[in-house]
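Just dropping this structure here.
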Amino acid sequence: MPAVDTVDTPEPVRSELDLEHAPLSEVRQWVRDVLCDLSEDDLDDCLLIANELAGNALDHAAAPRRLRVERSTGSGVVVRIEVDDATQDQPVPGVSRLGDNRGRGLVIVAKIATDWGVEAHSDGKTVWASLVCETHS
């Protein structure tokens with residue numbers, strides 16, 4: 001019987017933060033601490049995505065709201081940022097117009113993330129985005 005190569009990949013590491021009493025500045029610092037070994041550019045992208053998803057949940061969705069950051073390794077580091085809330089309404093990427101100050105968040109998330117989406121649950125939804133990242137060299 002031929003030998004089979006197997007690659008052991010560690011289980012994903014998941015961290016969670018309750019958004020109910022955390023201002024966005026604390027959310028960004030928490031994400032920075034959790035993902036401190038990422039390259040500066042990738043960390044900035046993760047911070048922007050976490051800020052947008054958390055901000056949307058705080059502005060438009062019902063409690064309870066939670067932020068989750070999950071990282072997996074294998075061929076590179078994959079970071080998945082998720083925000084749970086208790087609202088069934090699906091987010092809609094806005095259309096940016098000259099002079100608008102709002103409505104660009106999910107458009108930016110879609111451009112930066114490798115993938116993003118929404119998972120509906122009986123008690124709300126999870127909005128998520130994932131990125132392939134590099135660690136410090």
Task: Where at least one partner belongs to residues 110-120, residue pairs that pass side-chain hydrogen bond (donor to acceptor under 3.5 Å, both in side chains), sequence neighbours excluded - done: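 Every pair satisfying side-chain hydrogen bond (donor to acceptor under 3.5 Å, both in side chains) with a residue in residues 110-120: Arg80-Glu119.
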Task: Non-hydrogen atoms of Cys36 and His136 that approach each other most closely - done: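 Looks like O-NE2, 3.0 Å.
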N/O donor to acceptor pairs below 3.5 angstrom from side-chain atoms of residues 23-32, sequence neighbours left out:
| residue | atom | partner | partner atom | Å |
| --- | --- | --- | --- | --- |
| Arg28 | NH1 | Asn51 | OD1 | 2.5 |
| Gln29 | NE2 | Asp33 | OD1 | 2.8 |

Open item on the list: Using the rule given for side-chain contact (heavy atoms from CB on, under 4.5 Å), can you reason through Val77 versus Thr135, listing the C-alpha separation, both sets of side-chain angles and the distance that settles it, and then say yes or no?
Closed with: CA-CA 8 Å; Val77 176; Thr135 56; 4.0 Å; yes
- [ ] For Glu20, enumerate each residue passing the side-chain hydrogen bond (donor to acceptor under 3.5 Å, both in side chains) test, keeping only those at least two apart in sequence or located in another chain.
- [x]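 Per chain and number, Glu20 pairs via side-chain hydrogen bond (donor to acceptor under 3.5 Å, both in side chains) with Arg65.
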Task: Option among Val79, Leu17, Val13 that satisfies the side chain to side chain contact (heavy atoms under 4.5 Å, CB included) test with Val69 - done: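 In the set Val79, Leu17, Val13, the residue that makes a side chain to side chain contact (heavy atoms under 4.5 Å, CB included) with Val69 is Val79.
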- [ ] To the nearest 0.5 angstrom, please state how far the CD1 atom of Ile108 sits from the CD atom of Glu52.
- [x]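 Ile108 atom CD1 to Glu52 atom CD measures 5.5 Å (nearest 0.5 Å).
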Open item on the list: Is there a continuous path of hydrophobic side-chain contacts, each under 4.5 Å between heavy atoms, that joins Val132 to Leu43?
Closed with: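 No, because Val132 and Leu43 fall into different hydrophobic clusters, even though each may have its own neighbours under 4.5 Å.
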Task: Shortest non-hydrogen contact from Pro91 toward Val118 - done: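 Minimum heavy-atom contact is CG-CG2, 3.6 Å.
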Task: Shared hydrophobic cluster for Val78 and Leu48 (ILVMFWY, side-chain gaps under 4.5 Å) - done: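 They do not share one cluster, since no chain of ILVMFWY contacts under 4.5 Å joins Val78 to Leu48.
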- [ ] Taking all heavy atoms of Ala129 and all of Ala113, pick out the closest pair and write down the distance.
- [x]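 Here Ala129 and Ala113 meet closest at CB-CB, 3.9 Å.
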Open item on the list: Main chain of Pro12, side chain of Ser72: is a donor-acceptor contact present, judged purely on distance under 3.5 Å?
Closed with: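 Not confirmed, Ser72 side chain does not pair with Pro12 backbone.
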Task: Hphob cluster co-occupancy, Trp128 + Leu53, side-chain heavy atoms under 4.5 angstrom - done: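 Per the 4.5 Å side-chain linkage, Trp128 and Leu53 are not co-clustered.
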- [ ] Kindly write out the residues that satisfy side-chain hydrogen bond (donor to acceptor under 3.5 Å, both in side chains) with Glu16, not counting sequence neighbours, or none if the list is empty.
- [x]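 In terms of side-chain hydrogen bond (donor to acceptor under 3.5 Å, both in side chains), with neighbours along the sequence ignored, Glu16 is linked to Arg66.
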- [ ] Kindly determine whether Leu106 and Asn56 satisfy side-chain contact (heavy atoms from CB on, under 4.5 Å), including the steps that lead there.
- [x] CA-CA 9 Å; Leu106 287 177; Asn56 283 350; 3.8 Å; yes
- [ ] Give a yes or no on whether the backbone of Thr87 and the side-chain of Lys125 come within a donor-acceptor separation of less than 3.5 Å.
- [x]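 Pair found, side chain donor or acceptor close to backbone of Thr87.
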Open item on the list: Test your reading of the model: is there a side-chain donor-acceptor pair from Asp45 to the backbone of Ile112, 3.5 Å cut-off?
Closed with: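 Pair absent, no side-chain N/O of Asp45 close to backbone of Ile112.
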Task: Minimum heavy-atom distance between Asp85 and Ala62, given as atom pair plus value - done: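 Shortest heavy-atom contact: CB-O, 3.7 Å.
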Open item on the list: So, using side chain to side chain contact (heavy atoms under 4.5 Å, CB included) as the criterion, who are the partners of Glu40 when residues are at least two apart?
Closed with: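 Residues passing side chain to side chain contact (heavy atoms under 4.5 Å, CB included) with Glu40: Asp44.
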Task: Interatomic spacing from CG in Asp42 to CG in Leu47 - rounded to 0.5 Å - done: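 Asp42 atom CG to Leu47 atom CG measures 11.0 Å (nearest 0.5 Å).
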Open item on the list: Assess the residue pair Leu35 and Arg71 against the criterion (side-chain contact (heavy atoms from CB on, under 4.5 Å)); give the C-alpha distance rounded to whole Å, side-chain angles, the decisive distance to 0.1 Å, and a yes or no.
Closed with: CA-CA 9 Å; Leu35 300 174; Arg71 61 185 297 150; 3.7 Å; yes
- [ ] First locate atom CD1 of Ile81, then atom OG1 of Thr126, and finally report the distance between them rounded to the nearest 0.5 Å.
- [x]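 Nearest 0.5 Å value for the CD1-OG1 distance: 14.0 Å.
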Task: Path from Val83 to Val107 over hydrophobic side-chain contacts below 4.5 Å - done: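 Shared cluster, no.
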TODO: Taking all non-hydrogen atoms of both residues into account, name the closest pair between Cys46 and Cys133 and its distance.
DONE: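 In terms of heavy atoms, the two residues are closest at SG-SG, 4.0 Å.
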Task: Residues that Asp84 engages under salt bridge (Lys or Arg N to Asp or Glu O under 4.0 Å), provided they are two or more places apart - done: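 Asp84 satisfies salt bridge (Lys or Arg N to Asp or Glu O under 4.0 Å) with Arg68 only.
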